[in-house]
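Following: one structure in structure tokens, then a few remarks.
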Amino acid sequence: MVSVTSPSIDLSSYRDQHFRGTRAQQDQLLRVSTTLYVGNLSFFTTEEQIYELFSKCGDIKRIIMGLDKFKKTPCGFCFVEYYNRDDAENCLRYVNGTRLDDRIVRTDWDAGFVEGRQYGRGKTGGQVRDEYRTDYDAGRGGYGKLIQQKMGTEVPAFFR
């Protein structure tokens with residue numbers, strides 16, 4: 001029997017650099033995973049909004065919100081775990097690239113949630129990419145953290 005795969009559900013080239021195991025082990029887990037990494041979320045997107053959108057593809061086992069490791073506030077990503085692989089594949093096909101809270105959602109396979117991964121890995125507690133961002137993005141906390149530090153404020157006065 002011939003198996004047909006869709007490019008939208010193929011494994012991407014991204015791999016979690018903190019995965020404990022070999023690349024082959026990680027690839028094997030990704031091929032059978034029912035967990036998705038969801039990125040480019042607004043810091044103001046709620047778990048309920050994520051559930052509403054992602055449950056259209058199947059039954060969700062759990063949602064783990066990504067948190068700033070110091071402030072424990074949302075920092076723009078989450079993990080969505082489905083009960084079966086087909087539902088997760090449908091999510092990659094149909095939800096990836098759609099708009100949630102005026103942001104284009106990015107989804108990718110995840111090898112499986114492990115406690116501690118819900119925290120941002122950046123030096124300031126959030127996501128690494130938000131530290132180096134030079135543009136203003138209200139949905140992700142304003143300017144990048146390095147620019148905020150240079151300005152001496154979390155949010156510039158002219159945006160308050």
Side-chain angles (χ1 to χ4, degrees), residues 1-133 135 137-141 144:
M1 177 173 198
V2 176
S3 175
V4 178
T5 62
S6 166
S8 63
I9 60 169
D10 290 342
L11 299 183
S12 72
S13 61
Y14 174 79
R15 296 296 179 271
D16 180 8
Q17 300 299 312
H18 295 276
F19 179 80
R20 294 177 187 243
T22 66
R23 174 77 182 245
Q25 290 169 328
Q26 187 176 29
D27 285 353
Q28 179 57 33
L29 286 173
L30 290 170
R31 285 189 210 351
V32 298
S33 179
T34 60
T35 304
L36 301 176
Y37 168 87
V38 181
N40 200 38
L41 297 174
S42 167
F43 289 1
F44 306 103
T45 300
T46 65
E47 189 172 329
E48 290 78 17
Q49 289 172 291
I50 293 165
Y51 185 85
E52 179 69 26
L53 176 61
F54 285 77
S55 65
K56 293 182 186 312
C57 294
D59 293 330
I60 295 174
K61 187 173 185 179
R62 65 181 175 160
I63 296 171
I64 300 104
M65 294 297 290
L67 303 173
D68 181 297
K69 68 181 160 191
F70 302 121
K71 298 178 191 171
K72 307 299 187 252
T73 57
C75 68
F77 71 97
C78 73
F79 298 94
V80 176
E81 185 177 354
Y82 286 92
Y83 283 101
N84 65 63
R85 176 77 177 196
D86 288 339
D87 293 344
E89 288 177 0
N90 283 332
C91 183
L92 279 175
R93 282 185 191 101
Y94 305 119
V95 175
N96 186 38
T98 62
R99 211 172 265 284
L100 177 63
D101 253 359
D102 287 329
R103 303 189 66 78
I104 302 298
V105 175
R106 291 189 311 257
T107 60
D108 200 358
W109 291 113
D110 188 78
F113 177 75
V114 176
E115 187 60 38
R117 289 192 58 220
Q118 72 268 37
Y119 300 113
R121 295 176 178 167
K123 292 177 185 172
T124 60
Q127 291 190 45
V128 174
R129 71 185 192 99
D130 283 320
E131 293 181 353
Y132 298 100
R133 196 169 28 78
D135 61 324
D137 187 342
R140 295 191 69 86

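These figures come from a predicted structure and were not determined experimentally.
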With D101 via side-chain hydrogen bond (donor to acceptor under 3.5 Å, both in side chains) - residues at least two apart: T45, Q49
According to side-chain hydrogen bond (donor to acceptor under 3.5 Å, both in side chains), who are the partners of R31, at least two apart in sequence or on a separate chain? none
In a table with atom names and distances, give each donor-acceptor pair under 3.5 Å that connects a side chain of residues 74-84 to protein atoms at least two apart or in another chain.
| residue | atom | partner | partner atom | Å |
| --- | --- | --- | --- | --- |
| E81 | OE1 | R62 | NE | 2.8 |
| E81 | OE1 | R62 | NH2 | 3.4 |
| Y82 | OH | F54 | O | 2.7 |
| N84 | OD1 | D86 | N | 3.2 |
| N84 | OD1 | D87 | N | 2.9 |
| N84 | ND2 | D87 | OD2 | 3.2 |

Can you name the side-chain contact (heavy atoms from CB on, under 4.5 Å) partners of [X], sequence neighbours left out?
X	value
K72	Y119
Q25	F19, T22
E48	T46

Quick check: closest heavy atoms across M65 and I50, and the distance to 0.1 Å? SD-CD1, 3.4 Å
Which pair of heavy atoms, one from C57 and one from C91, lies closest together, and at what distance? SG-CA, 3.5 Å
Rounded distance (nearest 0.5 Å) linking atom [atom1] of [X] with atom [atom2] of [Y]:
X	Y	atom1	atom2	value
T98	R103	OG1	CZ	13.0 Å
T34	F113	OG1	CZ	13.5 Å
N40	T107	CG	OG1	11.5 Å
R85	N90	CZ	CG	11.5 Å

Check: [X] side chain, [Y] main-chain N or O, donor-acceptor pair, under 3.5 Å:
X	Y	value
D108	Y37	no
Q118	G116	yes
S33	D110	yes

Validation row: I104, R99 side chains within 4.5 angstrom (heavy atoms): yes
Going through the checks in order, is the side chain to side chain contact (heavy atoms under 4.5 Å, CB included) test met by L92 and E89? CA-CA 5 Å; L92 279 175; E89 288 177 0; 5.7 Å; no
Tell me, with the steps shown, if I60 and Y51 meet side chain to side chain contact (heavy atoms under 4.5 Å, CB included). CA-CA 8 Å; I60 295 174; Y51 185 85; 3.8 Å; yes
